[in-house]
Amino acid sequence: MKMMEYLSDRLGNLVFQAVFVIAAAGFLFLTGTQAGVLILLLFVWILCFAGMQAVGFYRCRSRIQEMENIMDGLDKKYLFAECVPKTGSFYERKLLDLSRRSGKAMIEAVSDAQTAQKEYQEYVESWVHEIKTPITAAGLICRSADSVTRRKILRELDQIEAHVERALFYARAESTEKDFLIRAASLAEIADKAIERHRTLLMQNCIRIETQNLEQTVYTDEKWVIFILGQLLQNAVRYRGENPFLTLSARQLGKQVQLTVGDNGIGIPAHELSRVFDRGFTGSNGRSRGGSTGMGLYLCRRLADCLEIDLKITSEAGKETKVTLTFQAKENLTKL
């Protein structure tokens, strides 16, 4: 706080006092008071006034500095009004009391919102687990149908299951740190499980897959990485080109491991690459082919950030798309 800021905040009071002093001096002069006496009185008043303003300024600045130090030292900033020591100023006590009441109301509102969100999340998770039963039952029932009908039904069931799984992971996205289990995992096993989970979808769309050098060990959460790879496999199917081909290859980068998932699909226009991880972004390919929610890559980025995986994407329109996941070394992980 600066002196000019302090004085400007009290400008009305200063102007009133100046006018009052000038009027008093004029009255005394008209009633016969000598000029020397008036000058002496004015000098004394200026000294007293300046001293009072200086004392008020330093007290105000010290108080503000004290409150700033309290705020900086708090982990939970919303408890500021509760931690500020009481002062003799009625105005400040009243202001802090109003701040406390406002903060209490805010905390209650946030608590109610968190409770409602938790209940909704629990409902979504429960619904997802319940809906998987009829999906599985429908898959078993359709086995008695003819081969053409069976393939069509299984394809649609796979799509339903993929959307349901995405809904579950999205519901948990706000609290993924509570669902982590970081440990050593085989990259080959992770890739095999992701491919097996989407085997029907890949086979029905004649996707050829080649794996290279996946015999690597990474430190991550296997379940979340399988989900990320699943989203990439689904995208490769949705945006496939002629003679679709998919490669999963890994290489060692010092103590890091880099996994690249590449396809020979229709690619992504260059001007859309910077937005593919945005929530709800579908792009021109998603709109033309339909079925895109714009959530798959968004969730991949969210999960990759939580797992401390560096996720990057490169693409050439009409030719290929490559997604690279770089797994950190064990000693560099902060959440292990």
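Just so it is clear, the model here is predicted, and its values are computed rather than measured.
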When rounded to the nearest 0.5 angstrom, what is the spacing between [atom1] in [X] and [atom2] in [Y]?
X      : Y      : atom1 : atom2 : answer
Asp278 : Leu297 : CG    : CG    : 10.5 Å
Asp305 : Cys300 : CG    : SG    : 11.0 Å
Glu189 : Ile226 : CD    : CD1   : 9.5 Å
Ile228 : Leu299 : CD1   : CG    : 9.5 Å
Thr211 : Asp192 : OG1   : CG    : 7.0 Å
Arg275 : Thr282 : CZ    : OG1   : 9.0 Å

Are the side chains of [Y] and [X] in contact, using a 4.5 Å heavy-atom criterion?
X      : Y      : answer
Pro85  : Glu66  : yes
Phe327 : Leu307 : no
Gln234 : Leu201 : yes
Asn235 : Val323 : no
Ile268 : Ile313 : yes
Glu92  : Arg63  : yes
Leu248 : Glu210 : no
Leu259 : Leu214 : yes

To check you understand the geometry: which heavy-atom pair defines the closest contact between [X] and [Y], and what is its length?
X      : Y      : answer
Leu229 : Ala191 : CD1-CA, 4.1 Å
Val257 : Thr217 : CG2-O, 3.9 Å
Ala185 : Ile190 : CB-CD1, 3.9 Å
Ala329 : Gln256 : N-CG, 4.3 Å
Ile266 : Arg240 : CG2-O, 3.8 Å
Leu187 : Ala250 : CD2-CB, 3.7 Å

Give a yes or no on whether [X] and [Y] share a hydrophobic cluster (residues Ile, Leu, Val, Met, Phe, Trp, Tyr; joining criterion: side-chain heavy atoms under 4.5 Å apart).
X      : Y      : value
Ile153 : Ile141 : no
Leu333 : Trp224 : yes
Ile135 : Val124 : yes
Tyr123 : Ile131 : yes
Leu74  : Met67  : yes

Can you establish whether the number of heavy atoms outside [X] located under 6.0 Å from its atom [atom1] is more than 12?
X      : atom1 : answer
Phe49  : CZ    : yes
Gln252 : CD    : yes
Met71  : CE    : yes

Report yes or no: does [X] contribute a side-chain atom to a donor-acceptor pair with the main-chain N or O of [Y] at less than 3.5 Å?
X      : Y      : answer
Asp146 : Thr149 : yes
Thr324 : Thr260 : no
Arg279 : Met295 : no
Asn264 : Asn243 : yes
Asp221 : Ile182 : no

Do [X] and [Y] pair up side chain to side chain, a donor and an acceptor below 3.5 Å, judged on atom types alone?
X      : Y      : result
Asn69  : Gln65  : yes
Glu119 : Gln117 : no
Ser284 : Glu272 : yes
Asn213 : Arg251 : no

Let me have the donor-acceptor pairs involving side chains of residues 95-109, under 3.5 Å, with sequence neighbours excluded, atom names and distances please.
residue : atom : partner : partner atom : Å
Ser99   : OG   : Leu95   : O            : 3.0
Arg100  : NE   : Ala81   : O            : 2.9
Arg100  : NH2  : Ala81   : O            : 3.1

So, is the end of the Arg208 side chain (NZ or CZ) under 6.0 Å from the ring centre of Phe245 and within 45° of the ring's axis?
no
| field | Lys/Arg-Asp/Glu bridge criterion (N-O < 4.0 Å) met for Lys193, Glu222 | value |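 A salt bridge is present here (some side-chain N lies under 4.0 Å from a carboxylate O).
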Apply the test side-chain contact (heavy atoms from CB on, under 4.5 Å) to residues Thr321 and Tyr239: give CA-CA distance (whole Å), side-chain angles for both, the deciding distance (0.1 Å), then the verdict. CA-CA 10 Å; Thr321 298; Tyr239 305 116; over 6 Å; no
Test log, rule side-chain contact (heavy atoms from CB on, under 4.5 Å), inputs Thr326 and Ile309
CA-CA 6 Å; Thr326 303; Ile309 297 174; 5.6 Å; no
Exercise for review: Fit a plane to each ring of Phe16 and Phe20, take the angle between them on a 0 to 90° scale, and name the class: parallel (under 30°), tilted (30 to 60°) or perpendicular (over 60°).
Suggested key: parallel
**Report entry** Worked check of side-chain contact (heavy atoms from CB on, under 4.5 Å) between Gln17 and Trp45
**Finding:** CA-CA 11 Å; Gln17 292 195 43; Trp45 176 83; 4.1 Å; yes
- request: Could you walk me through whether Leu325 and Leu232 pass side-chain contact (heavy atoms from CB on, under 4.5 Å), step by step?
  value: CA-CA 11 Å; Leu325 297 88; Leu232 300 181; 4.1 Å; yes
Donor-acceptor pairs under 3.5 Å, side chain of residues 25-42 to any protein atom, not counting sequence neighbours: which ones?
residue : atom : partner : partner atom : Å
Thr31   : OG1  : Phe27   : O            : 3.1
Thr31   : OG1  : Leu28   : O            : 2.9
Thr33   : OG1  : Leu28   : O            : 2.9

With sequence neighbours left out, the residues meeting side-chain contact (heavy atoms from CB on, under 4.5 Å) with Val19 are Val15
